[in-house]
2 protein chains.
Amino acid sequence: MAETSGTSGNETLLFLTDDQLRKGIEAMFFAYRGFTADPDRILADKGYGRAHHRAIHFINRSPGTTVNNLLSILGVTKQSLNRVLRTLIEDGLVESRVGTRDKRERHLFLTEAGETLESELSTAQRKRMRAAFRQVGPDAVVGFRQVLEAMMDRDMHHHYARLREAGE
Amino acid sequence: MAETSGTSGNETLLFLTDDQLRKGIEAMFFAYRGFTADPDRILADKGYGRAHHRAIHFINRSPGTTVNNLLSILGVTKQSLNRVLRTLIEDGLVESRVGTRDKRERHLFLTEAGETLESELSTAQRKRMRAAFRQVGPDAVVGFRQVLEAMMDRDMHHHYARLREAGE
DNA sequence: ATTTTATGTCAGCCTTGTTGACATTCCAAG
DNA sequence: CTTGGAATGTCAACAAGGCTGACATAAAAT
């Protein structure tokens, strides 16, 4: 969090041609496909989709999170998330506990089975990320993260930073 | 193409914790949302989706490309692409010419209206990419592209490289 | 000439996004 | 206390864009 503070002086008048920018755009497109490819394969076997993966990931990251909190992270409607959550709960991967302080809220947890799937998915995804990071070296990794952070919307960066706090 | 040649010696035994990798994964997730946000808004107004954007982008990149070539780039089924192409053709954004040498093929071109929309979309997307690149500086940009390339599947990297040739 | 292959189209299904209507719970104002 | 509004979660129905299967046509092979 220290190194990304503000627009600190590096407004080095860069000549960025449309070509350079377009390469970045296309790289982003093709890389994202690779990024999701391994989890997608695993999920397809079990009858789930990418939406299930996202839910599982962020429930694992913040056990006990509420549906509403999850909604603002995922940026979908509650109705859309609800469908996914319902199947995960029915299948025994996620547990939904009614809030004690506020009974309107549902707090979400992964069951053991849920943690097993989460582990399988994130292991596959980390494996690819690790290979890429190793291939290019630590400086490139820093640059990678800097650009991605600069590309996020403000509120997404907020969620990203809050998750980082917790994990660090 | 010169600087990315092979696994050249930088296999520097990196200690990559699961935490570091997960940060990369989450950065990728949140950043991709930002990456598509501006075009998505423009498209929604006109009744199109992200799939239309992808088709328009790559037709613009390779005018006269065939449906089959587009398919392998986009990585979807021809039936799925066909639905999108049909609406674009009906709406007069894309022109489909039957091949002269091989009459089975359809060659795809943007019409003037298609080029107008393409320009609107790519201008918005480049604007965000440019802002991000400027914010973080040229070294970070290099690292960004290196990681993304290392994350692509082999065949996607192939398409990426072929497009780069043409644009350079 | 007839079969096989390549390419593109049409029909129908599934996931996952959307909006609208609604039930429950909490809280604040009367 | 009760009543009206806000917050939260659920149910229903629809749209976009993936998918597979069946099929038409053109080219190539036998």
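Residue B:N82 has no polar side-chain atom (N or O) positioned under 4.0 Å from OP1 or OP2 of C:dG8. For C:dT15, the OP1/OP2 oxygens have no side-chain nitrogen or oxygen of A:H52 closer than 4.0 Å. Look at B:R54 and you'll find a side-chain N or O under 4.0 angstrom from OP1 or OP2 of D:dG18. Side-chain nitrogen and oxygen atoms of B:R86 include none within less than 4.0 Å of the OP1 or OP2 phosphate oxygen of D:dG17.
Here the P atom of nucleotide D:dT10 and the CG atom of A:L108 are 9 Å apart, to the nearest Å. In this structure, A:Y48 atom OH and D:dG18 atom P are separated by 24 Å, rounded to whole Å. The separation between A:L81 atom CG and C:dT16 atom C1' is 11 Å, rounded to whole Å. The interatomic distance linking B:I89 (CD1) with C:dC10 (P) rounds to 10 Å, in whole Å. As rounded to whole Å, 16 Å separates atom C1' of D:dG17 from atom NE2 of B:H53. Note: CG (B:N68) to C1' (C:dT7) measures 7 Å, nearest angstrom. Atoms CG (B:L88) and P (C:dT9) sit 13 Å apart, rounded to a whole Å. The CG atom of B:L43 sits 13 Å away from the P atom of D:dA16 (whole-angstrom rounding).
With hydrogens and angles ignored, the 3.5 Å screen pairs a side-chain donor or acceptor of B:R128 with a backbone N or O of B:G34. Side chain of A:S62 to backbone of A:I59: no donor-acceptor contact under 3.5 angstrom is found. No donor-acceptor pair under 3.5 Å is formed between the side chain of B:R97 and the backbone N or O of B:G64. Of the possible donor and acceptor atoms, one in the side chain of A:R61 sits under 3.5 Å from a partner among the backbone N and O of A:L163. Side-chain N or O atoms of B:T116 include one that pairs as donor or acceptor with a backbone N or O of B:E112 at under 3.5 Å.
You'll find that the side chain of A:D102 is closest to C:dC26, out of C:dG8, C:dT18, C:dC26. You'll find that the side chain of A:K103 is closest to C:dC26, out of C:dC10, C:dG17, C:dC26. Of all nucleotides listed (C:dG8, D:dG17, C:dT16), D:dG17 comes nearest to the side chain of B:R83. Comparing C:dG8, D:dT8, C:dT16 by their nearest atom to the side chain of B:V67 picks out C:dG8.
Checking A:T100 against A:R50, the closest nucleotide of DNA chain C that is more toward the 5' end is the one next to A:R50. Between A:G99 and B:L71, it is B:L71 whose nearest contact on DNA chain C lies nearer the 5' terminus.
Remark: the B:H159 side chain and the A:E26 side chain contain no N/O donor-acceptor pair separated by less than 3.5 Å.
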Write down the protein N/O and nucleotide N/O pairs, taken from nucleotides 19-21 of chain C, whose separation is under 3.5 Å; answer none if there are no such pairs.
residue: C:dG20; atom: O6; partner: A:Q79; partner atom: NE2; Å: 2.7

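Ionic pairing of A:D18 and B:R130 is present here: one or more N-O contacts between side-chain nitrogen and carboxylate oxygen are shorter than 4.0 angstrom.
By the 4.5 Å heavy-atom criterion applied to side chains, B:V94 and B:T111 are not counted as neighbours.
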